[in-house]
Amino acid sequence: MEPKIKEKAWNPELEKKILKDWDEEKIYEFTPTENNFTIDTPPPYPSGRPWHIGAAAHYSQIDMIARTARMSGENVYFPIGIDRNGLPVELYTEKKHNIRMRETERGEFLNLCRVALDDLEAEMLLIMKNLGISGEFANYYRTDSEEYRSLTQSTFIDLWKKGQIYLANRPNNYDWVSGTTIADAEIIYQDLPTKLVYMKFKIKDTEKEIIIASTRPELLCACKTIIVNPDDQRYAPFIGKKIIVPITNAEVELRTHHSAQQEFGSGAVMVCSYGDQNDVALFRELELEEVVAIGLDGKMTEAAGEYAGLKPKQARTKIIEDLETNGFVEKIEDIVHRTPVSERSKIPIEIIPMEEYYLKQKDSVEKIKKLGQEITFYPSMHKQILMNWLESINIDWPISRRRYYGTEIPIWYCKSCSEPNIPEPGKYYKPWSDKCPISNCTKCGATEFVGEERTFDTWMDSSVSPLFVSKFNKDSEFFKKVYPTTIRPQAKDIVRTWLYYTLLRCDQLTGNKPWSQAWIMGYGLDEKGLKMSKSKGNAIDPLPVIEKLGADTFRFWSASEINHGYDFRCNEQKIESTKKFLSKLWNVSRFLSSFPVINSGKPNPTDKWILSELNNLVKECKKGYDEYNFFVPAIAVREFTWNVFAAHYIEMVKARAYGIGFSDDERDAAIFTLHKTLSTILKLLAPITPFITDHLWKTLYSQSSIHIEQQVEPEDEQSENKLTEEISEFNSKVWNEKKTKGLSLKDSFSYPVPKSLEPFKKDLESMHNLI
RNA sequence: GGGCUCAUAGUCCAGAUCGGUUAUGACGUCGCCCUUACACGGCGAAGAUCCGGGGUUCAAAUCCCCGUGGGCCCACCA
């Protein structure tokens, strides 16, 4: 009989047609019912070409989650979104047009960002679609849409009213030349020459002195404590004593702290607001009261007494003179100091307290820990990342940013009394350009306002994604059915941010956790195991790879190469060689397509053996699918299909399937078993390689898609692993013998079948033409 | 510096919770072979001091301790 399948290999071009069929059949459409499986899909950020190949693998696997759930009978809601807020697009736009954000008119700058995002987004959506992702592309969302931003603003207004938000001073990196705060990422370190001054501090009520070395003596006025290492015996007798600060004569306490190193300087450190990041940490940890010694103009403040108005460098020179005059200096060393400088202006940054909005989180830590415990993590080890993070939280969350491309903080300040006025929730507000929607100040009744210029930290937006997709505050019917959602799939590096902030915000707003499961994936590294980056030139562009090899090849590579939760290496050649397996699957199917489908039969021992192995395979795959670990089924199915089913079973029953030398019943049993096995393999692979399996399924078994089928359930029966090994060994022996004797494989040959393989004698004899 | 994690052939990976005969499979390499599904194939071969050191044990890739090296996250030196 002519095979139904003519082509000799799987052609990835077919994927385009299959995508169209899926669209027309609408098999992935979602209508909410009482029980839904909702995926809180991570909205990817279009930060520039090329899209990270690891991300493409990540989204392929998220799609496998959706398909796995569908095949186990779930009603799957798989939203698609694009994250568009934040710094990366600002930097991208500045570079692309060679402009500076702050020197460009705000509306114009935002437009340029928007256009850049649109281009990058289009390519990203194309890749996602071509990967076969079965999400809701028709109404994908953007985090910078009016609808999304108004949700972010509404949640802010809600929390503001609940008293969860406050304004506070916080030390910031400040570049006083550019007049702006800068992000940690914009700081570079330079080795600059400076003076290390060893100063004498008196210990109160004693004749003793303690020597303290510092590069920032001008900050003496902001010194609030002295620390030494707890193991440092030299200072042990004086712990808790008061120390008199030179020049200011202030009294501060001597205490121990592990961050002081015995070997550096004298081993004693003065802690000032703020000489460096360690000072910031210590002020916070020890709850010291800060002194603002340097102002926004980059000059010493009134707190510096007679040094007020001087720049830090001038003040330093002068205070060193004064210290020397008064005998407070032991010695001065010229050293080279690793100094944090602004990447832009190249001047040393100052750490200056500035007013920012904070969202309370410290009070929620215990509650979030509890919620974290209730959530199932896949793999479980990554729950630890969240728990460690929760342990280390010691300040509230600063949510305001002095940036442009973000959701605006919806506040107008009264011009006469400065009272912050908050608008009603439900609309999208742009205080930097919009007229204040409130007519009279709630405090003094005045009518003139100034709009807030700052935006939110982008995690304020992303952290409400489960609320957005479940139509929180918008469609209560829908929300009731969909929230809490089912699963949050995401990468490992943003557990401390996205996962944590989502838990915090959703709990604050709904009193309920956002999902019951979290699925955490590792990073995609290059073939040497290094992080991919555009600057290193080791980034692989996924688009040409997918176009050339097809989505299924890429997806099968992703499943068979990535052990869930661990980092993985990307190698183009490896992806390419994965195609061979699809080719094998194709040709097995091509062979079977020359036989009619038979739905029942009386399996002989050979058939029973392969069906039993097939059942073992189903069991193994189920284990993997139950934990959304696609590595397990991918490896298991490949191994079975290639090395057991094709290599041994098909060869053993070929003659029988053709009916040469066997009865009709025996023939039909073989054909039945062949189809039963292949159709099971196709189903087991359907979530991983949706294109080829659907194509083969429709060609061989059904009018309708494999993606509306239920997954195969294992039967509870004993395995017969031992036989597989014996069969494979026997076949090897015969092949080798024939080879040594210079015989062709079809030549007849005299060789005994061992007793243990007696039940398979007839099939083995026909396979090897044994006499 | 703190945390998490990994370490098995040229490359990737199994062997994890339950120590036990010649350490799994794939890719790559080499040799032979057109065998009525497949040369994008078949058969076969070579290739591993299981990171190092110590310990527990009759027995360790597997369990324990100490190192070394990679990756990532966080913090960065008065």
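Within every chain, numbering begins at 1; the chains are lettered A, B, ... in the order of the sequence lines, protein sequences first and strands thereafter. Being a predicted model, the structure only gives us computed values, none of them experimental.
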- Item | Short side-chain to backbone donor-acceptor contact, A/T225 and A/E253, under 3.5 Å |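 At least one qualifying donor-acceptor pair exists.
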
- Query: Would you say the side-chain atoms of A/N769 pair up with the backbone N or O of A/K746, donor to acceptor, closer than 3.5 Å?
  - Reply: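 Yes; judged by distance alone, with no hydrogens or angles, the pair exists.
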
- Message: Regarding A/Q361 and A/Y500, do their side chains bring together a donor and an acceptor under 3.5 Å, going by distance alone?
- Response: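 Side chains of A/Q361 and A/Y500: pair found under 3.5 Å.
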
Quick one: which protein N/O atoms are closer than 3.5 Å to N/O atoms of nucleotides 44-46 of chain B? Pair and distance per line, please.
unit_1, atom_1, unit_2, atom_2, d
B/G44, OP1, A/S732, OG, 2.6

Side chain of [X] only, please: which of [options] is the nearest?
| X | options | value |
| --- | --- | --- |
| A/R569 | B/U11, B/A37, B/C43 | B/U11 |
| A/K580 | B/A37, B/G28, B/C38 | B/G28 |
| A/S214 | B/C27, B/G71, B/A78 | B/A78 |
| A/F631 | B/C77, B/A37, B/C13 | B/C13 |

- With nearest nucleotides of RNA chain B determined for A/A647 and A/N587 from heavy-atom distances, which residue corresponds to the more 5′ nucleotide?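 Its nearest nucleotide lies further toward 5', so the answer is A/N587.
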
- With nearest nucleotides of RNA chain B determined for A/S266 and A/D567 from heavy-atom distances, which residue corresponds to the more 5′ nucleotide?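 It is A/D567, whose closest nucleotide lies nearer the 5' terminus.
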
Looking for any heavy atom pair under 4.0 Å, which part of the strands does [X] touch: base, sugar-phosphate only, or nothing?
| X | result |
| --- | --- |
| A/Q573 | sugar-phosphate |
| A/K654 | base |
| A/W642 | sugar-phosphate |
| A/D279 | nothing |
| A/F568 | nothing |
| A/A268 | nothing |
| A/K584 | base |
| A/K574 | base |

What is the separation between atom [atom1] on [X] and atom [atom2] on [N], rounded to the nearest whole Å?
| X | N | atom1 | atom2 | result |
| --- | --- | --- | --- | --- |
| A/N643 | B/C38 | CG | P | 19 Å |
| A/K224 | B/A78 | NZ | C1' | 19 Å |
| A/I351 | B/A75 | CD1 | C1' | 13 Å |
| A/H648 | B/A37 | NE2 | C1' | 17 Å |
| A/L745 | B/C34 | CG | P | 10 Å |
| A/M652 | B/G42 | CE | C1' | 17 Å |
| A/N571 | B/G10 | CG | C1' | 12 Å |
| A/E391 | B/C74 | CD | P | 18 Å |

Using the test salt bridge (Lys or Arg N to Asp or Glu O under 4.0 Å), find all partners of [X] that sit at least two apart in sequence or belong to another chain.
| X | answer |
| --- | --- |
| A/D493 | none |
| A/R488 | A/D40 |
| A/K623 | A/E620 |
| A/K574 | A/E561 |

For [X], enumerate each residue passing the ring-ring contact (aromatic ring centres under 6.0 Å, His included) test, keeping only those at least two apart in sequence or located in another chain.
| X | value |
| --- | --- |
| A/H382 | none |
| A/F283 | A/Y274 |
| A/F201 | none |
| A/F238 | none |

- Item | nucleotides 3-8 of chain B: protein proximity per nucleotide (B base, S sugar-phosphate only, - neither; heavy atom, under 4.0 Å) | SSSS--

- Task: Please check the phosphate of B/C38 (OP1 and OP2 only) for any side-chain N or O of A/K579 closer than 4.0 Å.
- Result: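 So the side chain of A/K579 is outside the cut-off, no N or O lying under 4.0 Å from OP1 or OP2 of B/C38.
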
- Message: So, OP1 or OP2 of B/A14: does either fall under 4.0 Å of a side-chain N or O from A/N563?
- Response: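 So the side chain of A/N563 is within the cut-off, an N or O lying under 4.0 Å from OP1 or OP2 of B/A14.
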
[N] and [M]: how far apart are their [atom1] atoms, nearest whole angstrom?
| N | M | atom1 | answer |
| --- | --- | --- | --- |
| B/U35 | B/G42 | C1' | 8 Å |
| B/A48 | B/U8 | P | 15 Å |
| B/A23 | B/A9 | C1' | 11 Å |
| B/G25 | B/A46 | P | 14 Å |
| B/C63 | B/A16 | C1' | 12 Å |
| B/G52 | B/A26 | P | 26 Å |
| B/A61 | B/G15 | C1' | 8 Å |
| B/G55 | B/C12 | P | 32 Å |

- Item | Residues forming a side chain to side chain donor-acceptor pair (under 3.5 Å) with A/E737, sequence neighbours excluded |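 In terms of side chain to side chain donor-acceptor pair (under 3.5 Å), with neighbours along the sequence ignored, A/E737 is linked to A/K741.
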
- Ignoring hydrogens and angles, are the base of B/C27 and the side chain of A/S577 linked by a donor-acceptor pair under 3.5 Å?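 It does not, because no donor-acceptor pair links the side chain of A/S577 to the base of B/C27 below 3.5 Å.
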
- Task: Go through the N and O atoms of the side chain of A/E7 and the base of B/A37, and report whether any donor-acceptor pair is under 3.5 Å.
- Result: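 No, no donor-acceptor pair under 3.5 Å.
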
- Greater than 12 external heavy atoms within 6.0 Å of A/K676's NZ: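 Result for NZ/A/K676: open.
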
- Item | Stacked cation flag A/K331 on A/Y198, 6.0 angstrom / 45 deg |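 Cation-pi check for A/K331 and A/Y198: passes.
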
- Involving RNA chain B, stems made of at least three consecutive Watson-Crick or G-U pairs, both distances under 3.5 Å: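 So the stems come out as B:1-7 with B:68-74, B:10-12 with B:25-27, B:29-33 with B:41-45, B:51-55 with B:63-67.
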
- side chain to side chain contact (heavy atoms under 4.5 Å, CB included) between A/L674 and A/I610, intermediate numbers included: CA-CA 9 Å; A/L674 284 166; A/I610 198 71; over 6 Å; no

